[in-house]
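One-based numbering, in listed order, for ligands and for the atoms of each.
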Amino acid sequence: MERSLVLIKPDAIQRGLAGTIISRLERRGLRIVAMKMLQMDKALAQRHYGIHKEKPFFNDLVKFITSSPIIASVFEGERAIDIIRQTMGATDPAKAASGSIRGDFGLDVQQNLVHGSDSAENAKKEIELFFRPEEILSYRRDVDRWITS
Ligand code: IDP
Ligand code: MG
């Protein structure tokens with residue numbers, strides 16, 4: 001089982017696409033194990049996107065991601081990280097496959113609707129930035145229920 005941090009970005013919330021994005025991930029068989037709505041502050045945004053701090057788009061990206069509320073979530077499933085990246089589509093919506101979230105609904109390389117962790121190592125770090133351990137549930141297949149971990 002893998003877990004991935006999924007952020008439904010400000011543009012998706014503003015456009016009323018949160019439900020669509022959640023639904024597409026659920027329909028792949030991934031399970032929600034944590035979810036909250038919040039507005040990221042600058043410090044959290046700079047940590048979450050720390051890997052991009054030297055990029056020319058970094059300051060704009062921080063401004064965008066902190067501009068209005070997001071939904072932060074953790075999805076769980078077998079190979080969840082790759083499956084979510086595929087369901088999201090390429091970073092630039094112009095290059096994203098149609099049928100993917102960005103390919104179907106995106107237009108702008110910055111305002112591209114959704115974030116998903118790109119590796120198990122980054123997923124762990126990113127999840128810890130947004131959730132305390134007790135906020136994350138686990139899906140127990142044997143009893144077909146979500147439980148607190
Ligand atoms: P990813 O979200 O597909 O993993 P990254 O390369 O990690 O893409 O970039 C993080 C975020 O930074 C992107 O989702 C997008 O919002 C923004 N971004 C990436 N490249 C550009 C760019 O060239 N111009 C403006 N914003 C960008
Ligand atoms: Mg990335």
Side-chain angles (χ1 to χ4, degrees), residues 1-139 149:
M1 277 296 154
E2 276 182 356
R3 286 177 173 176
S4 176
L5 180 79
V6 173
L7 302 180
I8 299 173
K9 294 183 178 182
D11 55 325
I13 306 285
Q14 297 296 336
R15 291 174 57 194
L17 290 169
T20 300
I21 293 169
I22 293 164
S23 175
R24 284 184 173 218
L25 296 172
E26 284 189 305
R27 276 158 43 191
R28 294 218 62 168
L30 299 161
R31 295 183 192 275
I32 300 166
V33 293
M35 185 166 279
K36 62 171 95 162
M37 196 164 199
L38 72 149
Q39 187 156 354
M40 287 171 72
D41 63 20
K42 199 173 166 184
L44 177 59
Q46 286 174 338
R47 287 184 72 185
H48 173 71
Y49 281 125
I51 198 165
H52 296 304
K53 65 174 181 292
E54 308 300 335
K55 305 263 172 70
F57 59 79
F58 181 70
N59 286 338
D60 272 354
L61 175 59
V62 169
K63 259 186 218 154
F64 160 61
I65 205 74
T66 58
S67 64
S68 67
I70 61 154
I71 291 172
S73 59
V74 180
F75 279 78
E76 186 180 87
E78 272 171 43
R79 297 185 297 146
I81 290 165
D82 281 352
I83 301 268
I84 290 168
R85 296 285 299 183
Q86 266 198 17
T87 309
M88 285 165 39
T91 305
D92 182 352
K95 295 178 188 142
S98 83
S100 68
I101 294 165
R102 287 164 169 171
D104 286 353
F105 304 114
L107 191 61
D108 187 275
V109 67
Q110 177 186 255
Q111 305 202 17
N112 60 3
L113 304 158
V114 63
H115 167 86
S117 307
D118 63 7
S119 66
E121 191 191 341
N122 286 338
K124 185 169 184 298
K125 286 187 205 154
E126 292 175 1
I127 289 167
E128 284 171 2
L129 285 179
F130 286 85
F131 293 96
R132 296 191 304 273
E134 64 270 24
E135 293 178 306
I136 305 172
L137 306 184
S138 286
Y139 173 71
S149 40

Which option out of [options] puts a heavy atom nearest to [atom]?
| atom | options | value |
| --- | --- | --- |
| atom 8 (O) of ligand 1 | D108, L113, T91, N112 | T91 |
| atom 6 (O) of ligand 1 | K9, R102, H52, M88 | H52 |
| atom 11 (C) of ligand 1 | V62, D92, L61 | L61 |

By number and element, which atoms of ligand 1 are closer than 4.0 Å to a non-hydrogen atom of Y49?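 Going through ligand 1 atom by atom, the ones under 4.0 Å from Y49 are 10 (C).
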Flag side-chain contact, heavy atom, 4.5 Å: V74 against F130: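 Counting from C-beta outward, V74 and F130 never come under 4.5 Å.
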Is any side-chain heavy atom of I136 closer than 4.5 Å to one of R3?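 When only atoms from C-beta onward are counted, I136 and R3 do touch, with a gap below 4.5 Å.
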Do any side-chain atoms of residues 112-122 form donor-acceptor pairs under 3.5 angstrom with protein atoms, and if so which ones, sequence neighbours left out?
| from | atom 1 | to | atom 2 | distance (Å) |
| --- | --- | --- | --- | --- |
| N112 | OD1 | K9 | NZ | 2.7 |
| N112 | ND2 | T91 | O | 3.1 |
| N112 | ND2 | V109 | O | 3.3 |
| H115 | NE2 | E126 | OE1 | 2.9 |
| S117 | OG | L5 | N | 3.0 |
| S117 | OG | E126 | OE1 | 2.7 |
| D118 | OD1 | N122 | ND2 | 2.8 |
| S119 | OG | N122 | N | 3.1 |
| S119 | OG | N122 | ND2 | 3.4 |

Residue I51 excluded, over 12 heavy atoms near CD1 under 6.0 Å: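 Open: at most 12 neighbouring heavy atoms sit under 6.0 Å from CD1 of I51.
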Answer yes or no: are there more than 12 heavy-atom neighbours, outside K36 itself, under 6.0 Å from its atom NZ?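 Yes, the 6.0 Å shell around NZ holds more than 12 heavy atoms from other groups.
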Does any N/O atom on R85 come nearer than 3.5 Å to any N/O atom on ligand 1?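 Yes: some nitrogen or oxygen of R85 is under 3.5 Å from one in ligand 1.
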What protein heavy atom is closest to [atom], reported as residue, atom name and distance in Å?
| atom | value |
| --- | --- |
| atom 24 (N) of ligand 1 | V109 CG1, 3.6 Å |
| atom 16 (O) of ligand 1 | Q110 O, 2.8 Å |
| atom 25 (C) of ligand 1 | F57 CB, 3.5 Å |

Is it true that a side-chain atom of E2 and a backbone atom of A80 form a donor plus acceptor pair closer than 3.5 Å?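 Present.
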